[in-house]
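Here the structure comes first, spelled out in structure tokens, and everything after it is commentary.
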Amino acid sequence: HNIGIYAEDAMRSKLSGRDIAVRAGMRLDIMNGHASFSPRTNINYMLSETVNFGLAYGLAFKSPGIAQLYPGPVFNETILLNAYNGKESESLALIYLRRYEKDSKDLKSSLGQTLESSISWNKNGHNLRTNFFYKRNSRVISTVNERSMITLPTYTAATVAGQKPIAVESGTRNYLF
């Protein structure tokens, strides 16, 4: 079961004789068996009668989905030899098939941090606003744990009239999976 609860409080006051507004919120999510707590806050302060400054910060979590929690196998096919001449009885293909089973036992929710600031100017019906935004993601959920290098043989085909070609190993090549 998935559930989310959000609570927020807002406060207005004066700081050095100027208006200040503060909002703070907390979100609790339970998704696919993973619980996450995401706090958020923002502050708006009137620097003058025409200029307002805002600052916001929040943490956000994304729980792994069913596909990440219970992934099926991944298959990679690499063609090692394709000796096709238009006739099935005289053609040959060699394919390396790699099956990869993802281990999700240590999977955690991804984490995003957001910081935003703004300055706005309002005078005589004219508005100008600029925002600065920074977001950092960590513990990104991925379906690939690690890459691996595999050395596989390379082949050439020796043709034989009226028969399938003969595969002749001719060296090796590295593949990144």
| Ignoring hydrogens and geometry, is there a side-chain-to-backbone donor-acceptor pair from Ser104 to Leu69 under 3.5 Å? | yes
Test salt bridge (charged side-chain N to carboxylate O under 4.0 Å, His left out) applied to [X] - qualifying residues, sequence neighbours left out:
X      : answer
Glu90  : none
Lys105 : Asp103
Arg12  : none
Lys87  : none

Could I get the full list of side chain to side chain donor-acceptor pair (under 3.5 Å) partners for [X], not counting sequence neighbours?
X     : answer
Tyr57 : Gln113
Asn52 : none
Tyr70 : none

Donor-acceptor pairs are to be reported for all side-chain atoms of residues 155-168 against protein atoms at under 3.5 Å, with residues two or more places apart or in another chain.
from, atom 1, to, atom 2, distance (Å)
Lys164, NZ, Glu88, O, 3.1
Lys164, NZ, Ser91, O, 3.1

| task | Evaluate the side-chain proximity of His126 to Trp121: yes if any heavy-atom separation is below 4.5 Å, no if none is. | result |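 Yes - at least one pair of side-chain heavy atoms lies under 4.5 Å apart.
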| request: Please tell me if the side chains of Ser110 and Ser138 come closer than 4.5 Å, counting only heavy atoms from C-beta onward. | output: no
Non-hydrogen atoms of [X] and [Y] that approach each other most closely:
X      : Y      : result
Ile141 : Lys108 : CG1-O, 3.8 Å
Tyr45  : Asp19  : CD1-O, 3.4 Å
Glu116 : Asn131 : OE2-ND2, 2.7 Å
Thr154 : Thr172 : OG1-N, 3.7 Å
Gly112 : Asn137 : CA-OD1, 3.5 Å
Pro73  : Glu101 : CB-OE2, 3.5 Å

Report whether [X] and [Y] are members of the same hydrophobic cluster (ILVMFWY, side-chain heavy atoms less than 4.5 Å apart, transitive linking).
X     : Y      : value
Val22 : Phe53  : yes
Leu28 : Leu59  : no
Met46 : Leu128 : no
Leu92 : Tyr84  : no
Ile20 : Ile119 : yes

Taking transitive links into account, so neighbours of neighbours count too, which hydrophobic residues share a cluster with [X] at under 4.5 Å side-chain distance?
X      : result
Met26  : Phe37
Leu176 : Met149
Ile3   : Ile30

| said: With no hydrogens and no angle check, just 3.5 Å: does a side-chain donor-acceptor pair link Asn122 and Thr50? | reply: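 Judged by distance alone, the side chains do not pair up.
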| task | Answer yes if the side chains of Asn127 and Arg129 hold a donor-acceptor pair under 3.5 Å, and no otherwise. | result | no
How long is the gap from [atom1] on [X] to [atom2] on [Y], to the nearest 0.5 Å?
X     : Y      : atom1 : atom2 : result
Ile5  : Arg27  : CD1   : CZ    : 9.5 Å
Asn42 : Ser118 : CG    : OG    : 9.0 Å
Leu55 : Leu115 : CG    : CG    : 6.0 Å
Ser63 : Asn2   : OG    : CG    : 8.0 Å

| So with a 6.0 Å cut-off around CZ of Arg139, is the heavy-atom count from everything else above 12? |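 More than 12 within 6.0 Å, yes.
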| query | Any salt bridge between Arg23 and Asp9, counting N to O under 4.0 Å? | reply | no
Distance-only criterion, 3.5 Å: show the donor-acceptor pairs between side-chain atoms of residues 75-83 and protein atoms not counting sequence neighbours.
from, atom 1, to, atom 2, distance (Å)
Asn76, OD1, Arg98, NH1, 3.2

